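Presented below is the structure to which this report refers.
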Amino acid sequence: MIYDLAVVGGGINGVGIAADAAGRGLSVLLVEMGDLASGTSSYSSKLVHGGLRYLEHFEFRLVRKSLQEREVLLARAPHIIWPLRFVLPQGPGGRSSLLLRAGLFLYDHLGSRERIPGSSAVDLTRDPAGRPLRRDLASGFTYWDCHVDDARLVVLNARAAADKGAAIKTRTRVEAIIAEGIEWRIALNGVGGKCEVRARALVNAAGPWTQDVASRFGGDQSRVKEAIRLVKGSHIVVPRIAGAQDAYLCQSTDGRVVFAIPYEKRFTLIGTTDVPFSGDPSDAEIDEDEQGYLIGLANQYFAQPLARADIVWSFSGVRSLYDGSRSANVSSVSRDYHFELNAEPGRPPLLTVLGGKLTTYRRLAETGLARLAPSIPQMGPAWTANATLPGGDLGEVSLPGFVQRLCRTRPAFDPEYLDRLARCYGTRVDNVLGDARRESDLGAALGGGLTEREVCYLNQHEWASEPDDVLWRRTKCGLHMTVDERRWAAEKIAKFL
Ligand SMILES: Cc1cc2nc3c(=O)[nH]c(=O)nc-3n(C[C@H](O)[C@H](O)[C@H](O)COP(=O)(O)OP(=O)(O)OC[C@H]3O[C@@H](n4cnc5c(N)ncnc54)[C@H](O)[C@@H]3O)c2cc1C
């Protein structure tokens, strides 16, 4: 079989393009060397946001596009994306009140806002948002962005692609790519061994591995190699900072900002750093300086002192940024996306994706396919702006309303458990629970609230094939377990994969 389009990379950009292309009637193959979202896309700050900070770099176009997408994505996937209030305390060495006001005014008005509230000034001596903060932080601002379950955003896009007929091959590496006439011949190495597939068009969406994939082509890819800048960003997870129910934006005296975000009910997620990176992105991990930086900055803002010993989990991801101008400061390099298109007559087209954000993945996919459209005449029109992601069709009901309804229809289940499932699967929760009337109907209990039935669902419908795919990406149950509990759960889960 010859595919119309092959996509290399099962991060957000690859699955976004695969889903969009499959919905336009193309036969699509997506190849991912590890698990879906096992690259940068599950190591983000988990925000669908306009990027307030980018205004300082005059990136009005990117902020506007991102703010617009914030509304679009919230409507497409309200089960895994929800509004989050940010508190921006005015600390010593931070930006002036005038600058913050001006920035927030722009942020409120640059993109259309339908469901997401605007900003306001806040008296931190009176508002409950001030309670977790140090006493000297008396005033500030609040504004809104959205939290997203990044790994599930990827998996649900892969599910959407497969629902539209795309083939998704995980744990399969693209080893070589050769142009033969007007087709690509792609050598794959995966769980079933080595094989070769053919495609009429190709997308390189390998994130920080884009250069590595580019080097697997016969042709000259030096432009791609020169334009990419790799930057590592790390986060730490600590037990929930007492009273911190909102997200906080902490400003460092060097102009950078760090988020402290309420995470997974019991935790606070703190990040990110920005460190130039070279080497294999799979090896990226937090170093002592980054830990010290994040803890030090949090301690300048929060009353409850944090220490390294409080870190329960940390993770690092590598951004591949498009940097035509080779800026000295990595924090100022644009987070916008960029494409390189090779579409000479008589050769199969190749689209290389550079940069991008979770927030803009849908627009990236739409724009990328528009660039490929002249080479693929059978491609249908754009369709994703008004289509929900799997499980996102909550209708007029809000997510809390949906959870309440679920609790009424499944009264014997623990409401906390149903709340977790609703935030993973949305309306597809019924596909997971099936005819079960109580938790004991869901097969073996595998720890951390996981059951045999959920794991089998993840294996059959969401490509989970190793315990970590379940514990850390399809769910975050791993975070709620001790090391011993995780080991035990992994052994049990493996039996159902
Ligand atoms: C610290 C940090 C915080 C961030 N926070 C946010 C945020 O809050 N909001 C936001 O909007 N954006 C955020 N971003 C940006 C966002 O995470 C990235 O832009 C996005 O995840 C990139 O997705 P991708 O698909 O390009 O890359 P990836 O997710 O890395 O996917 C590329 C995939 O290609 C696969 N691959 C590589 N080589 C091969 C091969 N030879 N064969 C097969 N497969 C291959 C890899 O395994 C990988 O899964 C953040 C980024 C970082 C680093």
Side-chain angles (χ1 to χ4, degrees), residues 6-18 29-51 53-54 62 65-66 69-70 73 81 84 145-151 153-154 157-158 169-177 186-190 203-217 228 230-235 247 258-259 261 269 271-275 277 280-282 284 286 290 294 314-322 330 335-337 352-365 368 473:
V7 180
V8 188
I12 191 59
N13 291 328
V15 293
I17 291 170
L29 169 70
L30 179 126
V31 187
E32 164 55 50
M33 68 177 173
D35 181 24
L36 294 168
S38 58
T40 314
S41 296
S42 60
Y43 298 132
S44 79
S45 304
K46 302 170 201 315
L47 299 177
V48 163
H49 64 155
R53 189 178 68 78
Y54 311 146
L62 172 62
K65 182 165 62 181
S66 304
E69 279 306 286
R70 199 176 64 165
L73 296 185
I81 299 175
L84 186 62
D145 265 320
C146 290
H147 173 84
V148 59
D149 185 330
D150 51 6
L153 185 67
V154 174
N157 270 281
K169 276 186 191 289
T170 60
R171 298 204 152 84
T172 304
R173 182 187 291 270
V174 168
E175 294 209 316
I177 307 161
I186 307 162
L188 305 180
N189 190 358
V203 172
N204 176 357
W209 292 269
T210 301
Q211 292 156 307
D212 176 64
V213 171
S215 71
R216 290 163 196 270
F217 289 90
I228 291 182
L230 297 185
V231 181
K232 177 177 66 155
S234 300
H235 289 82
V258 161
F259 296 113
I261 299 168
L269 173 68
T272 176
T273 55
D274 261 336
V275 184
F277 183 84
D280 183 349
S282 315
I286 192 166
E290 290 175 284
L294 294 176
S314 65
F315 56 85
S316 303
V318 178
R319 297 176 201 264
S320 77
L321 302 177
Y322 173 73
V330 288
R335 269 50 175 162
D336 208 350
Y337 52 78
T352 302
V353 177
L354 304 168
K357 291 158 55 62
L358 291 166
T359 309
T360 50
Y361 87 91
R362 193 200 64 81
R363 281 280 281 273
L364 177 154
R473 285 180 286 275

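Start at 1 and go down the list; that is how both ligands and their atoms are numbered. The structure displayed is predicted, hence computed values, not measured ones.
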### Message
At less than 4.0 angstrom from any non-hydrogen atom of G9, what atoms of ligand 1 do you find?
### Response
33 (C), 34 (O), 35 (C)
### Task
List every atom of ligand 1 that sits less than 4.0 Å from any heavy atom of G39, numbering the atoms from 1 in the order shown and giving each element.
29 (O), 30 (O), 49 (O)
### Query
Applying a 4.0 Å heavy-atom criterion (strictly less than), which segment of T172 is in contact with ligand 1: side chain, backbone, both, or neither?
backbone
### Query
Hey, what's the ring geometry for H235 with F315, parallel, tilted or perpendicular (30° and 60° as the breaks)?
parallel
### Query
To which protein heavy atom is atom 27 (O) of ligand 1 closest, and what is the distance rounded to 0.1 Å?
G207 CA, 3.4 Å
### Query
Based purely on interatomic distance, does S45 place a nitrogen or oxygen under 3.5 Å from a nitrogen or oxygen of ligand 1?
yes
### Message
Is there a salt bridge (Lys or Arg N to Asp or Glu O under 4.0 Å) between R335 and D274? Walk through the geometry before answering.
### Response
CA-CA 12 Å; R335 269 50 175 162; D274 261 336; 3.1 Å; yes
## Note on the structure
The protein heavy atom nearest to atom 17 (O) of ligand 1 is S44 CB, 3.7 Å
#### Entry: For P208, the ligand 1 atoms whose distance to one of its heavy atoms is below 4.0 Å
30 (O)
### Task
Note the single closest protein heavy atom to atom 31 (O) of ligand 1, along with its residue, its atom name and the distance in Å.
G11 CA, 3.3 Å
### Task
Could you tell me whether A205 approaches ligand 1 through its side chain, its backbone, both or neither, with non-hydrogen atoms closer than 4.0 Å?
backbone
## Note on the structure
In this structure, atom 21 (O) of ligand 1 is nearest to the protein heavy atom S41 OG, 2.8 Å
### Message
Within the 4.0 Å heavy-atom shell around R173, which atoms of ligand 1 are there?
### Response
41 (N), 42 (N)
### Message
I need the nearest protein heavy-atom contact for atom 7 (C) of ligand 1: residue, atom name and distance, please.
### Response
L47 O, 3.5 Å
### Query
What do you reckon, does V174 have a nitrogen or oxygen under 3.5 Å from a nitrogen or oxygen of ligand 1?
yes
### Query
Considering only protein heavy atoms, which is closest to atom 45 (C) of ligand 1, and at what distance to one decimal place?
M33 CG, 3.6 Å
### Message
Tell me the nearest of R335, E32, R319 to atom 53 (C) of ligand 1, using heavy-atom distances.
### Response
R319
### Task
Just jot down the ligand 1 atoms closer than 4.0 angstrom to any heavy atom of H235, in number order.
1 (C), 3 (C)
### Summary
Among non-hydrogen protein atoms, atom 16 (C) of ligand 1 lies closest to L358 N, 3.8 Å
### Message
Using a 6.0 Å distance limit plus a 45 degree cone around the ring axis, check whether K65 lies over the aromatic ring of Y337.
### Response
yes
### Side chains of E32 and S38 in contact at under 4.5 Å (non-hydrogen atoms)
yes
### Message
Within ligand 1, which atoms have a heavy atom of V31 less than 4.0 Å away?
### Response
43 (C), 44 (N)
### Task
List the closest protein heavy-atom neighbour of atom 24 (P) of ligand 1: residue, atom name, distance to the nearest 0.1 Å.
N13 ND2, 3.7 Å
### Query
Does the S42 side chain pair with the main chain of A37, one donor and one acceptor, at a distance under 3.5 Å?
yes
### Task
Quick one: pull up CZ in R363 and CG in L73 and give me the separation to the nearest 0.5 Å.
10.5 Å
### Query
Of the backbone atoms (N, CA, C, O) and the side-chain heavy atoms from C-beta on, which set of K232 has a member under 4.0 Å from an atom of ligand 1: side chain, backbone, both, or neither?
neither
